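Presented below is the structure to which this report refers.
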Amino acid sequence: MIVLAVEFTAENFDFIEEFTGGLAHNFQSDKRINAKQYCYLKTEHGVKAIPTETMVVKTHQGEVFSWNKDLFNKQFEEWS
């Protein structure tokens, strides 16, 4: 399967929002020390909070979902 994928970071939320066509929304930054930053991602399975360092994936059919970065890197290989 060929997919497009971007790692979600605090610095690239605007790009993630555009990449997902607005399905990623509401970036949050917890004020506690060492707290996670996250956003919400609307998929065909519902809305879920995804933390930074998560891969945001888009299929050739336009489906958008999130994937744990380590699992993603084991499952897919970079192709250019």
Side-chain angles (χ1 to χ4, degrees):
M1 174 189 311
I2 297 174
V3 299
L4 298 174
V6 179
E7 181 180 352
F8 167 44
T9 67
E11 292 79 30
N12 73 350
F13 174 71
D14 289 339
F15 179 78
I16 294 293
E17 190 174 33
E18 183 180 323
F19 177 73
T20 63
L23 296 175
H25 58 92
N26 201 18
F27 177 75
Q28 303 278 318
S29 183
D30 198 325
K31 303 296 184 211
R32 294 176 287 179
I33 296 173
N34 297 326
K36 289 280 187 179
Q37 297 171 315
Y38 58 95
C39 73
Y40 292 94
L41 181 63
K42 182 178 181 180
T43 70
E44 64 182 38
H45 303 288
V47 177
K48 69 186 239 181
I50 60 168
T52 53
E53 300 181 7
T54 297
M55 299 302 292
V56 177
V57 181
K58 186 178 351 179
T59 69
H60 69 282
Q61 297 167 328
E63 179 185 5
V64 176
F65 55 94
S66 63
W67 201 311
N68 173 283
K69 181 181 169 182
D70 293 332
L71 294 175
F72 178 86
N73 289 333
K74 289 178 185 175
Q75 183 71 27
F76 292 95
E77 63 183 63
E78 188 172 343
W79 187 66
S80 50

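All values reported here derive from a predicted model rather than from experimental measurement.
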Can you find a heavy atom in the side chain of Ile2 that is under 4.5 Å from one in the side chain of Phe76? no
Should Val3 and Phe72 be marked as a side chain to side chain contact (heavy atoms under 4.5 Å, CB included) after you check the CA-CA gap, both sets of side-chain angles, and the distance that decides it? CA-CA 11 Å; Val3 299; Phe72 178 86; 4.3 Å; yes
Quick one: CD on Glu7 to CG on Asn12, what's the gap to the nearest 0.5 Å? 8.0 Å
Which residues end up grouped with Val64 if you chain together Ile, Leu, Val, Met, Phe, Trp and Tyr wherever their side-chain heavy atoms are less than 4.5 Å apart? Leu4, Val6, Phe8, Phe13, Phe15, Ile16, Phe19, Leu23, Phe27, Leu41, Ile50, Val56
Would you list the pairs meeting salt bridge (Lys or Arg N to Asp or Glu O under 4.0 Å) in which at least one residue belongs to residues 8-17, sequence neighbours left out? none
Determine which pairs satisfy side-chain hydrogen bond (donor to acceptor under 3.5 Å, both in side chains) with at least one residue from residues 54-65, sequence neighbours left out, and list them in order. none
Before giving the answer on side chain to side chain contact (heavy atoms under 4.5 Å, CB included), spell out for Gln37 and Gln28 the whole-Å C-alpha distance, their side-chain angles and the decisive distance to 0.1 Å. CA-CA 6 Å; Gln37 297 171 315; Gln28 303 278 318; over 6 Å; no
Measuring from Thr52:OG1 to Lys69:NZ, what's the distance to the nearest 0.5 Å? 10.0 Å
Can you sort out the partners of Lys48 under salt bridge (charged side-chain N to carboxylate O under 4.0 Å, His left out), two or more places apart, ordered by chain and number? none
Sequence neighbours left out, what passes side-chain contact (heavy atoms from CB on, under 4.5 Å) with Leu71? Give chain and number order. Trp67, Asn68
Which residues pass the ring pair (Phe, Tyr, Trp, His ring centres under 6.0 Å) test with Tyr40, sequence neighbours left out? Tyr38
